[in-house]
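Below: one structure, written as structure tokens.
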There are 2 protein chains.
Amino acid sequence: MRYSSDHKAATRERLLDKAGALAKRQGFASTGVDAMVAEAGLTAGAFYVHFGSKSDMLKALVEKEMAASMAMFGDADSPLADAELAQRIAAYLSIAHVEHPEAGCCLPTLTAEVARADDGVRDSFEQAIQQMQARLCLLMDGDSDRAWSVLAQAVGAVMLARAMRGKPARKAVLDGVKRQILPKR
Amino acid sequence: MRYSSDHKAATRERLLDKAGALAKRQGFASTGVDAMVAEAGLTAGAFYVHFGSKSDMLKALVEKEMAASMAMFGDADSPLADAELAQRIAAYLSIAHVEHPEAGCCLPTLTAEVARADDGVRDSFEQAIQQMQARLCLLMDGDSDRAWSVLAQAVGAVMLARAMRGKPARKAVLDGVKRQILPKR
DNA sequence: GTCTATAGAGGGATAGAC
DNA sequence: GTCTATCCCTCTATAGAC
């Protein structure tokens, strides 16, 4: 064959990266296939060599993005220290994260779209979320409820902040939630 | 004129109601003007008599839907009792709410879309959210941080639950957050 | 105020050349 | 594996009849 399978895999990953950034900024449904492939230096026809449909790509996107987010909490063998966890949470709840969706977590932007996607996408999402909650639970002395609570709170706060126009209002949500999750000692 | 202004106002409200239900189920951007007007027994041309553009409707939708959600917390003069508030929160974090987005709160579905909307929409959203937080704050003995935390948590939890496929997983998020917000005494 | 018809742009997906 | 070209559908918005 004229192209190595390495080349194909690399192109697929590049496409996923670029499409992920676009989808996190503009939404997945409202980003056309054309725009995604163009970002990766390709044209429309090439898309369907890598993905069977646009929905297939959403599934792959969720898996890749969620794996990247999980990596922020260290791997299972070397868990984060408490102070490191607090720092990661503070970064999540920062103005920088609110203002640069393309570089951040996929959950505030993509979750509502996944909710309307087909079963395959929602299966992948469910699995990823459960892994993330389990990891958080480990880092929180096994407090499962608190892990769910912190996850929901962080995603909700960033999404709400992004939907508000003014910086002061954005800071109010972020700081309120931050103080609630990470109380001063 | 052949139609009273009452008729026009009533049509506009009916259109907003139907469009709101559709948008909460399928998303606003992915619901066409055609589908919205059809739901209200009209055709496309009529839409632009009531709204200058689709974006104008999103603004009106946010205002109407958020006002309806606010009404769930009683009016400013007769605040909810603690037990009533707890009951409202439990209903928000219920499987029924997750399974019937069209009848519920607009925040889990529309917030991510508002985040990508123009300034006018985001201004309306910000104002509505701040009113809602202020109301919650009143009901929580003035604990502003807790009001933000509960708001973000509730919206985040319902949205996450909707994006998961299985009922057990959905219950896990909802119940975890519910126990965290409304601790057993 | 509402309808029909249509303009004009953009969407997802496929076929065939290279 | 990628490109160009194209099909067919849906979208927002407008024009003109009633």
Side-chain angles (χ1 to χ4, degrees), chain A residues 1-20 22-62 109-110 113-114 116-118 120-121, chain B residues 1-20 22-23 25-62 109-110 113-114 116-121:
Chain A
M1 53 182 124
R2 290 171 53 197
Y3 294 84
S4 67
S5 65
D6 260 17
H7 171 80
K8 174 165 180 179
T11 302
R12 188 189 138 105
E13 291 311 298
R14 192 176 75 247
L15 191 44
L16 274 178
D17 277 343
K18 301 294 191 179
L22 275 181
K24 286 189 285 183
R25 185 145 44 86
Q26 317 174 349
F28 182 75
S30 44
T31 302
V33 169
D34 275 359
M36 292 172 178
V37 289
E39 198 79 4
L42 300 173
T43 55
F47 182 91
Y48 295 91
V49 172
H50 298 284
F51 304 99
S53 68
K54 206 190 169 194
S55 176
D56 274 5
M57 170 181 248
L58 179 54
K59 188 168 138 72
L61 213 47
V62 164
T109 323
L110 293 188
E113 305 208 59
V114 171
R116 300 188 292 269
D118 58 36
V121 178
Chain B
M1 52 183 126
R2 289 169 55 195
Y3 295 84
S4 69
S5 63
D6 261 18
H7 171 80
K8 174 166 179 178
T11 302
R12 189 190 138 105
E13 290 311 298
R14 193 175 74 248
L15 190 45
L16 273 177
D17 277 344
K18 302 294 191 179
L22 275 181
R25 187 145 44 84
Q26 317 173 350
F28 182 76
S30 44
T31 302
V33 169
D34 275 358
M36 292 171 178
V37 289
E39 199 80 1
L42 300 173
T43 53
F47 183 91
Y48 295 91
V49 172
H50 299 283
F51 303 98
S53 68
K54 207 190 168 193
S55 176
D56 274 5
M57 171 182 246
L58 179 54
K59 186 167 140 72
L61 212 48
V62 164
T109 323
L110 293 188
E113 305 207 59
V114 171
R116 298 188 292 270
D118 58 37
D119 289 351
V121 178

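Since we're looking at a predicted model, the values are computed, not measured. Each chain gets a letter, A, B and so on, in the order its sequence line appears, and its residues count up from 1.
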Q) Looking for any heavy atom pair under 4.0 Å, which part of the strands does G45(B) touch: base, sugar-phosphate only, or nothing? A) base

Q.
As a test of reading the structure: which of dT4(D), dG1(C), dA13(D) is closest to the side chain of T43(A), going by heavy atoms?
A. dT4(D)

Q. Which one, dT2(C), dA13(D), dC3(D), comes nearest to the side chain of T11(B)?
A. dT2(C)

Q) So what does S30(B) touch, heavy atoms closer than 4.0 Å: a base, only the sugar-phosphate, or nothing? A) nothing

Q.
From CZ of F47(A) over to P of dA5(D), roughly how many Å is that when rounded to an integer?
A. 21 Å

Q | Whole angstrom value for the distance that separates C1' of dT12(D) from CZ of F28(B) | A | 11 Å

Q: For K54(A) and dG10(C), give me the distance from atom NZ to atom P, rounded to whole Å.
A: 15 Å

Q | Atom-pair distance (CG on D34(A); C1' on dC3(D)), nearest Å | A | 12 Å

Q. Which part of the nucleic acid, if any, lies within reach of V49(A) when heavy atoms closer than 4.0 Å are counted: base, sugar-phosphate only, or nothing?
A. base

Q. Can you tell which of dC3(C), dT2(D), dG12(C) lies closest to the side chain of V33(A)?
A. dG12(C)

Q) Which one, dT2(D), dT2(C), dG1(D), comes nearest to the side chain of K8(A)? A) dG1(D)

Q: Assess K54(A) against F28(A): is NZ or CZ under 6.0 Å from the centre of the six-membered ring, and within 45 degrees of the ring's axis?
A: yes

Q. H50(A) NE2 to dT2(D) P: how many Å, rounded?
A. 4 Å

(Q) Measure CG/D6(B) against P/dG1(C) and give the value in whole Å, please. (A) 12 Å

**Q.** Nearest-Å distance for atom pair OH/C1', residues Y48(B) and dG16(D)
**A.** 17 Å

Q. Among dC3(C), dA13(C), dT2(D), which is the nearest nucleotide to the side chain of L42(B)?
A. dC3(C)

Q.
Could you tell me how far apart M57(A) (CE) and dA13(C) (P) are, to the nearest whole angstrom?
A. 12 Å

Q. Base, sugar-phosphate, or nothing for G52(B), non-hydrogen atoms under 4.0 angstrom?
A. nothing

Q | Residue whose nearest DNA chain C nucleotide is more 5′ - R14(B) or S55(A) | A | R14(B)

